[in-house]
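Quick notes on the structure that follows.
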Amino acid sequence: MTADARLLRWAVRLHPPYYREEFGPDLEEAALASMAGRPRAAVLAEAAQLASHGLRLRLGLGADRALGRAAADAAPAVLALAAAGQAAHRLLETRVFGTVMTPDQLARTYGTQPAWAGVALTLAALGALLLGRVTPARLLGTAALAAAALSAALTAPHWLAGEADQPVTGLLNPLAACLFLWLAPLRLTPAPGRRGTLAALGLGAGATGALLVAPMVGDAGAVGVVAALSVGLAGRHTRRAALTGLVALLPLYPAVLGRFLPHRPSPVQALEFGLVLAVTAAALLRVHRRTRHPS
């Protein structure tokens, strides 16, 4: 068995058992036949598509599920917020340290060059998604995550030496964007229309400005927004919009974590952090109950 065949069969095995029993052999045979003689890049892309489909079924993110539709609706907003968070962080970083460090020192210490490449790739992924090009969007989002990982790797030695903040939280925004691109049923739900496109672009631009003016919107401000949206889960007509908002704010949650991970939290910070966890858990529990017992 070739390496390509093993890769495709591994991707098929990620599907739930019930699905493999009914469709597994046909799916595997079709994948092997369609990829015979194709370049390795095409095989990798097909394996990634199969794996994401299997994980989507396991997580209940199908287009026929409320959570799947909400994830697809929120994907453009998630990408816009992810790019906004990364760009604002890098601009603030340059504003704070640019006066005491040369551009070369800043690039070596904080990995700014691959970080900005990641921002550009996230924006390119957003553009591809808004144009309905799902596969390019997923590949660009994956490349953005790889660029962020390279930036974190460059920052890690300086963090260990106590010269920079810990780099892990810088990975969480592009990771959230990449997960949404691969796990949301983007091919099975309508592409963003004009209103959705303008909303995503406006949200990204507004979030960038807000984070530059008041970085607290990333932590304490997010708590208030999450609390307000959680109220919407109680109403039948506002539930889906509130859920979409909670999901779309996921890229801002790492800012909350980033505030507490490096330091010992104060009682107020611990209360804010607990509120975020409680609201998020309540939202997920409510969605899980609705998917099992739809009204």
Side-chain angles (χ1 to χ4, degrees), residues 48 51-52 55-56 58-61 67-90 114-130 134 137-152 166-186 189 192 196 199-201 203-204 206-208 210-211 215 217-219 221-223 225-226 229 242-261 273 276-277 279-281 283-284 287:
S52 68
L55 291 174
R56 196 178 303 128
R58 285 183 178 272
L59 295 173
L61 289 171
L67 186 57
R69 293 192 298 272
D73 291 342
V78 170
L79 263 69
L81 286 172
Q86 294 173 75
H89 176 70
R90 295 302 167 181
W116 278 113
V119 175
L121 288 166
T122 302
L123 289 173
L126 174 61
L129 182 61
L130 293 176
V134 174
R138 286 173 170 169
L139 295 177
L140 287 166
T142 304
L145 178 58
L150 177 58
S151 175
Q166 62 92 10
V168 175
T169 51
L171 288 171
L172 298 181
N173 274 10
L175 177 60
C178 191
L179 287 175
F180 267 81
L181 283 170
W182 282 103
L183 295 181
L186 301 174
T189 49
L201 296 176
L203 183 62
T208 303
L211 288 168
V217 75
D219 37 56
V223 176
V225 175
V226 168
L229 285 173
L243 175 61
T244 302
L246 288 170
V247 174
L249 285 173
L250 278 175
L252 292 182
Y253 297 164
V256 181
L257 292 172
R259 184 181 178 192
F260 304 129
L261 286 176
F273 187 51
V276 170
L277 289 180
V279 170
T280 306
L284 293 176
V287 170

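These numbers were taken from a predicted model, which means no experiment stands behind them.
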Query raised in the report: Does Leu175 have any side-chain contact (heavy atoms from CB on, under 4.5 Å) partners at least two apart in sequence or in another chain, and if so, which?
Result: Leu145, Leu172, Leu179

Query raised in the report: Which pair of non-hydrogen atoms, one from Ala148 and one from Pro174, has the smallest distance, and what is that distance?
Result: CB-CG, 3.5 Å

Query raised in the report: Do Ser151 and Arg90 pass the side-chain contact (heavy atoms from CB on, under 4.5 Å) test, and can you show the C-alpha distance, the side-chain angles, and the key distance before you say yes or no?
Result: CA-CA 11 Å; Ser151 175; Arg90 295 302 167 181; 3.4 Å; yes

Requested in this report: State, to 0.1 Å, how close Pro76 and Pro192 come at their nearest heavy-atom pair, and which atoms those are.
Outcome: CG-CG, 3.7 Å

Query raised in the report: Listed by chain and number, what are the side-chain contact (heavy atoms from CB on, under 4.5 Å) partners of Ala143, not counting sequence neighbours?
Result: Leu121

Report summary line: Nearest heavy-atom contact between Gly85 and Asn173 is CA-ND2, 3.8 Å

Requested in this report: Provide the closest heavy-atom pair for Gly68 versus Pro185 in the form atom of the first, atom of the second, distance.
Outcome: O-CD, 3.3 Å

Requested in this report: Sorted by first residue and then second, give each side chain to side chain donor-acceptor pair (under 3.5 Å) pair with at least one member in residues 139-150; sequence neighbours left out.
Outcome: Thr142-Trp182

**Report entry** From CG (Leu81) to CZ (Phe180), nearest 0.5 Å
**Finding:** 10.0 Å

Query raised in the report: Do you know which two heavy atoms are closest between Leu183 and Arg56, and how far apart they sit?
Result: O-NE, 3.0 Å

Query - Arg138 versus Ala184, closest heavy-atom pair with distance - result: NH2-O, 3.3 Å

Report task. Any chance you could measure Thr208, atom OG1, to His89, atom NE2, to the nearest 0.5 Å? Result -> 13.5 Å

**Report entry** Sub-4.5 Å side-chain heavy-atom contact between Val78 and Leu181
**Finding:** no

Requested in this report: Report yes if the side chains of Leu130 and Leu201 come closer than 4.5 Å at any heavy-atom pair, otherwise no.
Outcome: yes

